[in-house]
Amino acid sequence: MSQQILFRNFELLEPSFGELRGGYQLLVEGDTVKQLSETPIKEPEADVIDCGRRTLMPGLIDCHVHAIHSEVNVRFTIRQEVVSPIEIIRSATMIGAEVLRVPGKVGTLQAGAFSDAIVVDGNPLKDLALLGDQGKHLSVIMKAGILHKNRLN
């Protein structure tokens with residue numbers, strides 16, 4: 001069996017919801033989201049990451065490779081003049097997945113999606129700059145089930 005990681009104690013920013021929601025747990029197995037649940041997930045063998053009430057959201061498609069560069073701040077700031085933060089996040093997740101013709105596989109944290117996620121120190125719906133700034137406000141970066149950054153454990 002692939003390595004399992006269980007994320008707990010987070011505010012979920014699933015772009016399709018359009019708001020932060022608490023009370024969820026996320027189980028990742030290898031490179032796939034196994035389960036997103038509002039009830040406790042029992043997987044005693046899983047490594048647990050306590051997110052400390054930070055925001056857990058899908059990885060950014062149109063700029064995930066560039067998330068540590070300052071150009072993200074500039075692009076998000078310019079877009080914020082015209083559209084809401086949730087629309088910018090949807091563009092970088094759900095809409096990006098549609099453009100790539102992989103909706104339901106990237107840009108979301110639903111079961112069966114690729115396990116691409118970030119944990120943000122704060123609420124990006126109130127401050128999009130949290131998604132840039134050289135990655136300073138990203139506690140966890142997971143791509144295809146591999147933790148490239150984890151300041152929480």
Side-chain angles (χ1 to χ4, degrees), residues 2-38 41 46 49 51 53-150 152:
S2 299
Q3 177 190 12
Q4 293 183 325
I5 300 173
L6 178 60
F7 291 90
R8 292 185 174 154
N9 191 23
F10 57 83
E11 296 291 320
L12 175 65
L13 179 52
E14 174 61 36
S16 63
F17 296 165
E19 64 186 8
L20 288 180
R21 293 186 183 176
Y24 284 84
Q25 293 189 3
L26 178 76
L27 180 64
V28 168
E29 184 172 293
D31 64 357
T32 306
V33 173
K34 184 173 181 183
Q35 183 178 5
L36 177 66
S37 177
E38 293 181 83
I41 297 173
I49 296 179
C51 296
R53 303 296 295 168
R54 291 170 179 84
T55 301
L56 176 74
M57 62 182 284
L60 305 175
I61 296 168
D62 73 347
C63 61
H64 75 266
V65 174
H66 309 286
I68 60 171
H69 298 298
S70 61
E71 73 183 58
V72 172
N73 285 351
V74 172
R75 284 192 293 160
F76 282 176
T77 301
I78 291 169
R79 288 182 189 173
Q80 237 178 316
E81 298 294 321
V82 184
V83 296
S84 68
I86 189 60
E87 290 305 316
I88 294 167
I89 290 169
R90 283 181 178 144
S91 175
T93 55
M94 293 173 45
I95 295 169
E98 291 171 11
V99 169
L100 295 173
R101 297 185 179 157
V102 286
K105 294 305 263 180
V106 295
T108 184
L109 292 173
Q110 66 187 0
F114 295 127
S115 51
D116 299 343
I118 56 177
V119 175
V120 184
D121 301 336
N123 181 351
L125 294 177
K126 292 186 177 184
D127 184 4
L128 278 173
L130 294 171
L131 298 176
D133 203 10
Q134 302 287 323
K136 184 170 110 176
H137 305 288
L138 303 180
S139 291
V140 172
I141 300 173
M142 173 183 278
K143 177 73 177 155
I146 297 170
L147 290 168
H148 294 277
K149 180 179 182 178
N150 182 4
L152 301 179

How many angstroms lie between atom [atom1] of [X] and atom [atom2] of [Y], to the nearest 0.5 angstrom?
X	Y	atom1	atom2	result
Leu128	Ile86	CG	CD1	9.5 Å
Asn150	Met142	CG	CE	8.5 Å
Ile146	Asp31	CD1	CG	8.5 Å
Arg8	Arg53	CZ	CZ	14.0 Å
Lys126	Leu20	NZ	CG	8.5 Å

Verdict with supporting geometry, Leu27 and Gln4, side chain to side chain contact (heavy atoms under 4.5 Å, CB included): CA-CA 7 Å; Leu27 180 64; Gln4 293 183 325; 4.1 Å; yes

Gln25 side chain vs Ile41 backbone, donor-acceptor pair below 3.5 Å: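 It does hold such a pair.
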
Side-chain (Asp116) to main-chain (Ala144) donor-acceptor, under 3.5 angstrom: yes

Side chain to side chain contact (heavy atoms under 4.5 Å, CB included) between Ser115 and Thr32, worked out: CA-CA 5 Å; Ser115 51; Thr32 306; 5.6 Å; no

Derivation and outcome, side-chain hydrogen bond (donor to acceptor under 3.5 Å, both in side chains), residues Asp121 and Ser139: CA-CA 7 Å; Asp121 301 336; Ser139 291; 2.3 Å; yes

Taking every non-hydrogen atom, the tightest pair across [X] and [Y]:
X	Y	result
Pro124	Met57	CG-SD, 4.0 Å
Lys149	Gly135	NZ-O, 2.7 Å
Pro58	Glu14	CG-OE1, 4.4 Å
Lys34	Ala111	O-CB, 3.6 Å
Pro103	Glu98	CB-CG, 4.2 Å
Val33	Phe114	CG2-O, 3.9 Å

Gln3 and Ile5, any side-chain heavy atoms less than 4.5 Å apart: yes

Pairwise side-chain contact, Val119 with Ile49, heavy-atom cut-off 4.5 Å (strictly under):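 No, side chains not in contact.
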
Test side chain to side chain contact (heavy atoms under 4.5 Å, CB included) applied to Phe17 and Leu12, step by step: CA-CA 9 Å; Phe17 296 165; Leu12 175 65; 3.6 Å; yes

Heavy atoms from other residues, nucleotides or ligands near CZ of Arg101 exceed 12 (cutoff 6.0 Å): no

From Leu109, Ile118, Thr93, Ile89, residue fulfilling side chain to side chain contact (heavy atoms under 4.5 Å, CB included) relative to Leu13: Ile89

Side chain to side chain contact (heavy atoms under 4.5 Å, CB included) between Val140 and Arg54, worked out: CA-CA 10 Å; Val140 172; Arg54 291 170 179 84; over 6 Å; no

